[in-house]
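The structure under discussion appears below in the form of structure tokens.
Below, chains carry the letters A, B, ... as their sequence lines are ordered, and counting in each starts from 1.
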Amino acid sequence: MKADYSPVDVESSAQAFWAAQQSFKAVEKPGADKFYCLSMFPYPSGKLHMGHVRNYTIGDVISRYQRMKGKNVLQPIGFDAFGLPAENAAIKNKVPPAEWTYSNIDTMCGQLKQLGIGYDWDRRLATCEPEYYRWQQWFFIELLKRGLIYRRNSRVNWDPVDQTVLANEQVIDGRGWRSGAIVEQREIPQWFLKITAYADELLAEVKQLEHWPEAVRRMQENWIGRSEGLEIDFTVAGRDEKLTVFTTRPDTLYGVTFVSVAAQHPLALEAAARDATVAAFVDEASRGDVTEAAMETMEKRGVALGIDVIHPLTGECIPVYAANFVLMSYGSGAVMAVPGHDQRDWEFAVKYGLPIKAVIAAAGLPSPPGRGAGGEGVAEPAIPAREKPRLPDPLRSLARELRADQTDAEQYLWSLLRDRRFGGHKFRRQHPAEPYVLDFYCHEQKLAIELDGGQHNEDAHARRDAARDAFLAAQGIRTLRVWNSELFSRTEDVLGFLWEALASSEAPSPPAPLPGGEGRQAPDLSAAAFTEKGITINSAEFSGLDFKAAFDGIAAKLEAQNAGRRRVNYRLRDWGVSRQRYWGCPIPIIYCTDCDAVPVPADQLPVRLPEDLVPDGRGNPLLRLDSFVNVPCPQCGKPARRETDTFDTFVDSSWYYARFASAGCQTGMVDERAAYWLPVDQYIGGIEHAILHLLYARFFSKLMRDCGLPAVAEPFKRLLTQGMVLAEGFYRVTDAGGRDWINPKDVDKTADGSHVLKATGEAVTAVGLGTMSKSKNNGVDPAAIIDSHGADAVRLFMMFTAPPEQTLEWSDAGIDGALRFLKRAWRLVADHAALGATEPLDRAALTSAQKDIRRKLHDQLAKISDDFGRRHNYNTAVAACMELVNALAKFEDRSPQGRAVLNEALSALVRVLSPIVPHAAHELWLALGNATPVIDAEWPEPEADARVSDSIAMVVQVNGKLRGQISVPAGSTQDAIIAAALADETVQRFLAGAAIRKQVVVPGKLVNFVV
RNA sequence: GCGCCCGUGGCGGAAUCGGUAGACGCCCGAGACUUAAAAUCUUGUGACUUCGGUCGUGCCGGUUCGAGUCCGGCCGGGCGCACCA
């Protein structure tokens, strides 16, 4: 081997070796422990950028590690090859998208090979290949047969100048990206997949995915957004027609003062036909882009339709408004407006002078306590009124103080309990073992007091509270609930109640019914809506109920009247898969005037996409290609038209993981090999796919299972969400008003902080940090750094610079350090190998310096193995390798056993580095005298005996501040540790003249003296 | 606007279960080698300091013997919001 590290030679020879040996060809071996490692496939945008390098290096590191752990590994690669950027490139360069795409794929494959990623290249695929998409077309027809696909109208962005449908990305501030025209919304027929039919299963199973990041699971749950509510019918006044609304707050039904419908709602359209004001509003609402984000951020506006509906319980006449914030696609496109208890409705009512009614009061007792009707259903809080409020003396004065200062009940009660030692007991705010915040907790009495304002309706709170309550129950802790407001309104009752509860260790007295709604204080609605759940008031026979009782009561009554029904609603909408684009997988449908939409017969698949068209930005060129469009109807043979819409590219990427496992299968979408490889054991990809792609892929897996294909319910067992690689973005405005994105390498920063084009000095606009993407042209191409530093240094630097899940602002500062480390390690092995073979290690004959270096080695191996196997924190694994190299470089013992120890260490070092820097490790491993390649070597495991040490370093604190460090023999008793701590000079200085109130000993860590 | 995540030296980051804040690396300073430079090696490097210490993890508060870590509230940044992939 060469004495100095030369990445170019090392990398090309290792890559040649792997190619010649077919080292990464995956073969199904029944019975062998398989490991399917998949990084999200890239869009072939041209060249790799640093985000790709990060993604594919992580996948390769995991794959190579698992192989060393004895797994039969599959690591494939492919390309998500259909999509908009190819059409944009075609518009710009007048080159067919196919040609551009295939050439990009070639470039990127070359770069991936240069990086030394261990793919089974025989399984490579691209979604734009007919061999791939024919099965997608086949599957569409299967789903159509099973009733899981339907067609309906839905809205798209329409550019009236270019006469074309725009993607959301192509709409900038409500205008078309090329034409600058104000975008309109159009309704066109589109195909939909019934993902809502799987909403429950998708929701239930996402909770079970224990190896997925918590954040992703939460985002998916929120996205599916299951809510239980009521569908309520309002009769349109003077007609035999109903307006149906969905609400999750039927307890506020008596507070409805108007009803809002979407601008596209039939009632709004009907009113628009006769009223110019309404027509103008509907027209205006149909401009701008269709995204939810745009809807939510715009000014909330509306218009009265001149239509009334009848309240199903009160019989009142209620006006109907069209409002621009109501979504036609959620629920029924209509909502009952309760301005008293919904903030958006409140703002709307204030703006348009509509009445605001209070029908919910804060929970807690009315003041003064009354004896109203309808007490049932209110289970808590329940503090019995005291017959004769006879409090012990100190409590009576406390009660007076408490009532006098009605500012912050919680603060007040806390100072009461803490400082005055209420009832002689010590209170704290947390359980010592668990971090749940309890308002007040007394450990001796196992009694928790929860001070409640009646809120906590949000999911996160409710979840946390439920977990806390379960914990308290398991610990046998009594929980008393006290309403905030009661602390002031019934001070004596509350204090007496707490007093008695503390005095006895019995459960508190059974709840007494609370009085009803009459006399209850209505909330102040002058500044904002009261949105908490509370107790109903002004709601006829439903007054005085809590949320659940009011919900149940009102639901039962409406159901009896046939004016409402319980319904589970989802935020999740069915998945529209039609795209009015050329560069996508054709939807295999033929439209016949007699037979309607007819699926293309199986023997005519695939419907091939012509690959020589060049889109010009004015609609789908397929529309103008008669040879594609004009076909006979497969059923009746009459002239018919072929569907020119193509699939959403999310469809392409929803099943590619299964196709990899059945690569090249000619007889079906997947074959039995999928049953061997699936599920994917480790999936790696950007956090930006946390919701849509992952949800759609999970959905497809279930669809495939239900169609009897070899598939699994959940396709991805473990998920690693890689953080984005960010770079600054710059653009200049083109003559047409569009944006021309400039690569950061072509931009200079001027002295005043503005940015200019390097070549011309022309000013450019900076948009700040964002992910590296083709559309923003801010990708950093790794090619130059690979040339100057080598692939291994790039891989090492990528893994070292940050943990995989963290967002990373790209900078190559530090890449020199990666190369420097490789050179050091190389020299260490080269010097060692030059001295020839070593003796076997004799563990019994080692000097203490030799034992020390072995302890260091095996400690670091334990850390590195944990980082690889469990944490996926390769940055700290690399740091441990660096520390090891630093220690080995200082180890100058060249005695036979010294060299044996060094040999053991270098052998382990090369192996643990090999997943990250496979080329250098390949050659170093051979230099250490091994016959088989390092990719097939065994992962080195730490040796427990080598890690045993006879002394332990501990720190000594006084009042939590570091004051000294001691070394004690392993296995010392607490007393011996404390004695050693007290002997420390600095510690003595800080303890001088003070009595030690408490001493805390954390074994193996520290001693803390509290004075 | 809503949902999810993240804020630690000049920089990237470490501190894994509430227990020594700043591991490892970059940059920078000093020294060795060299005619010189590069490379390499050694060494220093949070701030302040009366050299005893004090302060310090976006901000404000809380819990704890002890908080970067847990809780509440702000501020800032990123991702997603259904036609970018």
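At a threshold of 4.0 angstrom between heavy atoms, the contacts of A:Thr297 include nucleobase atoms, whether or not backbone atoms are also involved. A:Asp866 comes within 4.0 angstrom of a nucleotide base, judged by non-hydrogen atoms across all strands. A:Val1010 comes within 4.0 angstrom of the backbone, heavy atoms only, and of no base. Among the heavy atoms of the strands lying under 4.0 Å from A:Gln957 is at least one base atom, whether or not backbone atoms are also near.
Ranking B:rU16, B:rA14, B:rC5 by closeness to the A:Asn875 side chain, first place goes to B:rA14. With B:rG13, B:rG12, B:rA15 as the choices, the nucleotide that has an atom nearest any side-chain atom of A:Pro803 turns out to be B:rG13.
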Base-pair string, RNA chain B, Watson-Crick plus G-U, cut-off 3.5 Å on both distances, | for inter-strand, is (((((((..(((......[....))).(((((.......))))).(((....)))..(((((..]....))))))))))))....
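At whole-Å resolution of the value, CZ in A:Phe797 and C1' in B:rC11 are 11 Å apart. Distance A:Asp816 CG to B:rC27 P: 6 Å, rounded to the nearest Å. Whole-Å rounding puts the A:Gln965 CD to B:rG19 C1' distance at 14 Å. Distance, A:Glu809 CD to B:rG7 C1': 13 Å, rounded to whole Å. Atoms CG (A:Asn886) and P (B:rC24) sit 8 Å apart, rounded to a whole Å. Going from atom CG of A:Leu808 over to atom P of B:rC26 covers 17 Å, rounded to whole Å. Rounding to whole angstrom units, CE of residue A:Met799 and C1' of B:rC24 are separated by 16 Å. Rounded to an integer number of Å, the gap from CG of A:Asp859 to C1' of B:rA23 is 15 Å.
By the rule that a glycosidic angle within 90° of 0 means syn, B:rG9 counts as syn. Against the 90° criterion about 0, the sugar-base torsion of B:rC17 places it in the syn range. Glycosidic conformation of B:rG7 is anti; the angle lies outside 90° of 0.
Across B:rC5 and B:rG10, the matching C1' atoms stand 27 Å from one another, rounded to whole Å. Comparing the C1' positions of B:rC75 and B:rC26 gives an interatomic distance of 30 Å, to the nearest angstrom. Rounded to whole Å, the P atom of B:rC48 lies 15 Å from the corresponding atom of B:rG56. Of the P atoms belonging to B:rC17 and B:rG9, the separation is 22 Å, rounded to the nearest Å. One C1' atom belongs to B:rG53, the other to B:rC6, and the distance between them is 35 Å to the nearest Å. Comparing the C1' positions of B:rU69 and B:rG7 gives a spacing of 14 Å, expressed to the nearest Å. Taking the C1' atom of each, B:rG52 and B:rA67 are spaced 27 Å apart, rounded to whole Å. If you take atom C1' in B:rG78 and the same atom in B:rG58, they sit 15 Å apart, rounded to whole Å.
For A:Val326 against A:Met295, the heavy-atom pair with the smallest separation is O-CE, 4.4 Å. In terms of heavy atoms, A:Ala793 sits closest to A:His789 at CB-O, 3.4 Å. A:Ile91 approaches A:Pro615 most closely through the heavy-atom pair CG1-O, 3.6 Å. The shortest non-hydrogen separation linking A:Leu209 to A:Arg698 is CD1-NE, 4.0 Å.
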Listing time: all N or O pairs from protein to nucleotides 31-34 of chain B that are below 3.5 Å?
none

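Interface residues of residues 995-1003 of chain A facing RNA chain B, ordered by number: A:Lys998, A:Val1000, A:Val1002; criterion, heavy-atom separation under 4.0 Å.
The phosphate of B:rC2 (OP1 or OP2) has no side-chain N or O of A:Asn222 nearer than 4.0 angstrom. Residue A:Arg871 places at least one side-chain N or O under 4.0 Å from the OP1 or OP2 atom of B:rA15.
Taking the six-membered ring for Trp, A:Tyr198 and A:Phe699 have ring centres closer than 6.0 Å. For A:Phe79 and A:Tyr43, the ring centers are positioned 6.0 Å apart or more. Here the two rings, on A:Trp575 and A:Tyr696, have centers that are under 6.0 Å apart.
Ring geometry for A:Phe325 versus A:Phe348: interplanar angle over 60°, hence perpendicular rather than tilted (30 to 60°).
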Annotated protein contacts, base or backbone, on nucleotides 75-85 of chain B with a non-hydrogen cut-off under 4.0 Å, one of B, S, - each:
---SSSBBBSB
With B for base contact, S for sugar-phosphate-only contact and - for none (protein heavy atoms under 4.0 Å), nucleotides 41-54 of chain B reads S----------SSS
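Within the structure, every pair that satisfies the side-chain hydrogen bond (donor to acceptor under 3.5 Å, both in side chains) test and touches residues 874-890 of chain A, not counting sequence neighbours, is listed here: A:Arg824-A:Asn886, A:Asp867-A:Thr876, A:Arg871-A:Thr876, A:His872-A:Tyr874.
In this structure, A:Arg579 forms no cation-pi arrangement with A:Phe647, as its terminal cationic atom is not both closer than 6.0 Å to the ring centre and no more than 45° off the ring axis. Relative to the six-membered ring of A:Trp158, A:Arg186 meets both conditions, a distance below 6.0 Å and an angle of at most 45° to the axis.
Atoms CG and CG, from A:Leu166 and A:Asp289 in turn, are 10.0 Å apart once rounded to the nearest 0.5 Å.
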